[in-house]
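Below, chains carry the letters A, B, ... as their sequence lines are ordered, and counting in each starts from 1.
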Protein chains: 2
Amino acid sequence: MLRDAGLRVTDTRVAAIAALHVLPHSGVDTILDAVGDALPATSRQSIHNVLTDLVAAGLARRIEPAGQPGLYELRVGDNHHHIVCQRCGAVADVDCVTGHAPCLTPSQTSGFDLAEAEVTFWGTCADCSAAMAARVDAGSPR
Amino acid sequence: MLRDAGLRVTDTRVAAIAALHVLPHSGVDTILDAVGDALPATSRQSIHNVLTDLVAAGLARRIEPAGQPGLYELRVGDNHHHIVCQRCGAVADVDCVTGHAPCLTPSQTSGFDLAEAEVTFWGTCADCSAAMAARVDAGSPR
DNA sequence: CGCTACCTTTTGACAGAGTCAAAACAAGCC
DNA sequence: GGCTTGTTTTGACTCTGTCAAAAGGTAGCG
């Protein structure tokens with residue numbers, strides 16, 4: 001898979017891909033922790049390098065919800081979208097209705113040459129909804 | 001306008017709003033420069049405070065396209081979207097087709113309580129398209 | 001008009017995330 | 001096995017934004 005993309009097969013890259021497979025929508029630090037279990041000498045910079053290379057090779061995708069560090073995922077090429085929890089930052093995938101980019105066309109483009117539409121849904125995840133409901137039940141709302 | 005929102009009317013705030021009116025989709029530094037023309041003693045932190053207050057009061061909105069610092073605009077309440085140039089970062093408004101949030105509904109919510117859909121279009125602005133075309137014409141593509 | 005209370009602005013230190021560059025190292029080819 | 005070139009490490013640095021406390025100004029009241 002790495003070889004097909006013209007990248008050398010190294011421990012760091014294999015470990016990073018494995019980590020991303022188990023933990024999609026992870027940031028650099030999360031991947032670093034996961035990779036560190038097997039390769040404790042790995043530096044944060046290496047993770048940055050690996051992830052940047054994967055994105056450049058089209059093997060990974062980087063998303064950057066407002067107010068959060070960059071997150072990476074291996075699911076590429078299907079132009080899907082994301083729903084992000086406004087409270088805890090949890091991210092889940094949302095399938096694209098049309099399946100190909102751009103899945104949406106703006107009413108006017110202001111002279112822009114359109115490439116892609118990125119949709120981010122914002123809401124509250126199940127855990128946070130439950131936590132908020134519990135607080136209201138306990139008598140200390142807001 | 002500030003008074004209506006329960007905020008005190010100060011030079012800094014008036015100048016910041018005026019700057020935002022002339023330069024929509026501006027970041028903190030751009031506003032600071034503009035405000036600095038009339039009020040040279042203004043600090044970057046003050047601009048942060050003012051803009052944060054405006055957003056909290058519902059007078060401004062903050063957007064944060066991936067890879068760019070936060071940008072602010074006065075156009076609020078109509079749930080419109082943005083198209084961003086992938087090359088130079090220029091931002092233009094795009095009217096929302098439905099006019100109210102969420103303008104889109106995901107096919108599945110993964111247990112999330114949906115609040116809003118944010119759409120960002122990515123493309124190339126007219127200036128950058130022209131610049132790229134000119135470079136191709138000159139014989140040095142990419 | 002002047003005083004007081006509270007909201008704003010300033011100042012300065014700090015944290016998070018990411019970039020840049022050069023040296024040390026290892027994968028893949030001959 | 002040795003060489004070439006791509007990777008990883010190390011460490012300094014930039015950019016953006018946050019936190020906290022002191023100084024300053026606005027607005028309401030007498």
Side-chain angles (χ1 to χ4, degrees), chain A residues 1-19 25-57 59-72 84 88-89 91, chain B residues 1-19 25-57 59-72 84 88-89 91:
Chain A
M1 160 172 173
L2 281 167
R3 230 175 292 267
D4 287 350
L7 294 174
R8 288 189 181 169
V9 180
T10 66
D11 293 346
T12 313
R13 286 179 178 167
V14 172
I17 290 176
H25 310 130
S26 291
V28 169
D29 282 357
T30 306
I31 301 295
L32 177 59
D33 285 349
V35 169
D37 290 346
L39 305 167
T42 310
S43 66
R44 179 169 291 108
Q45 180 64 50
S46 296
I47 304 297
H48 267 289
N49 289 344
V50 168
L51 294 174
T52 303
D53 290 346
L54 291 179
V55 171
L59 297 178
R61 180 176 162 197
R62 177 193 169 106
I63 63 170
E64 204 171 319
Q68 285 194 59
L71 305 177
Y72 295 84
V84 184
C88 73
V91 178
Chain B
M1 161 176 174
L2 281 167
R3 230 176 291 267
D4 286 350
L7 295 173
R8 290 191 179 168
V9 180
T10 66
D11 292 347
T12 314
R13 287 177 177 168
V14 172
I17 291 176
H25 310 129
S26 292
V28 170
D29 282 357
T30 306
I31 301 295
L32 178 59
D33 285 349
V35 170
D37 289 347
L39 307 167
T42 310
S43 66
R44 179 168 291 109
Q45 181 64 49
S46 296
I47 304 296
H48 268 288
N49 289 344
V50 168
L51 293 174
T52 302
D53 290 346
L54 290 180
V55 171
L59 297 179
R61 182 176 161 196
R62 178 192 169 108
I63 62 171
E64 204 170 318
Q68 286 193 59
L71 305 177
Y72 296 84
V84 183
C88 73
V91 177

Full working for side chain to side chain contact (heavy atoms under 4.5 Å, CB included) between B:L54 and B:V50: CA-CA 6 Å; B:L54 290 180; B:V50 168; 4.1 Å; yes
Within the 4.0 Å limit for protein heavy atoms, which parts of nucleotides 6-14 of chain C are touched? Write it as a string from 5' to 3', B for base, S for sugar-phosphate only, - for none. BBSBBBB--
Rounded to the nearest 0.5 Å, how far apart are [atom1] of [X] and [atom2] of [Y]?
X     : Y     : atom1 : atom2 : result
A:L59 : A:L7  : CG    : CG    : 6.5 Å
A:S46 : A:L39 : OG    : CG    : 10.0 Å
A:I47 : A:T52 : CD1   : OG1   : 10.5 Å

Please lay out, stage by stage, how A:V91 and A:I63 fare under the test side chain to side chain contact (heavy atoms under 4.5 Å, CB included). CA-CA 10 Å; A:V91 178; A:I63 63 170; 4.2 Å; yes
Within residues 61-69 of chain B, find the residues that approach DNA chain D with a heavy atom at under 4.0 Å, and present them sorted by residue number.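 Within this stretch, B:R62, B:P69 sit under 4.0 Å of the strand.
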Minimal non-hydrogen separation, [X] against [Y], with atom names:
X     : Y     : value
A:A19 : A:V35 : CB-CG2, 4.5 Å
A:S26 : A:I31 : CB-CD1, 3.6 Å
A:G89 : A:V84 : O-CG1, 4.1 Å

Starting from the first five and the last five pairs of the helix from C:dC1-D:dG30 to C:dC30-D:dG1, work out the angle between the resulting helix axes, to 10 degrees.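 Rounded to the nearest 10 degrees, the bend comes out at 20°.
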Figure out the CG/P separation between A:L71 and C:dG16, and round it to whole Å.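 In whole Å, C:dG16 P and A:L71 CG are 17 Å from each other.
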Round to the nearest Å and state the distance from A:Y72 atom OH to C:dA17 atom P.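 Computing the A:Y72:OH to C:dA17:P distance gives 12 Å.
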Check each residue of residues 28-36 of chain B for a non-hydrogen atom within less than 4.0 Å of any atom in DNA chain C, then write out the ones that pass by number, or none.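 When residues 28-36 of chain B is checked for heavy atoms under 4.0 Å from DNA chain C, there are no hits whatsoever.
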How would you label the contact of A:G70 with the nucleic acid (heavy atoms, under 4.0 Å): base, sugar-phosphate, or nothing?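 The answer is sugar-phosphate, as A:G70 gets under 4.0 Å only of primed atoms, P, OP1 or OP2.
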side-chain hydrogen bond (donor to acceptor under 3.5 Å, both in side chains) contacts in which one or both residues fall within residues 60-70 of chain B, not counting sequence neighbours: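 Applying side-chain hydrogen bond (donor to acceptor under 3.5 Å, both in side chains) to every pair that reaches into residues 60-70 of chain B, excluding sequence neighbours, yields B:R62-B:E64, B:R62-B:Y72.
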Does anything in residues 42-56 of chain B form a salt bridge (Lys or Arg N to Asp or Glu O under 4.0 Å)? List the pairs, not counting sequence neighbours.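 Of all non-adjacent pairs touching residues 42-56 of chain B, those that pass salt bridge (Lys or Arg N to Asp or Glu O under 4.0 Å) are B:R13-B:D53, B:D29-B:R44.
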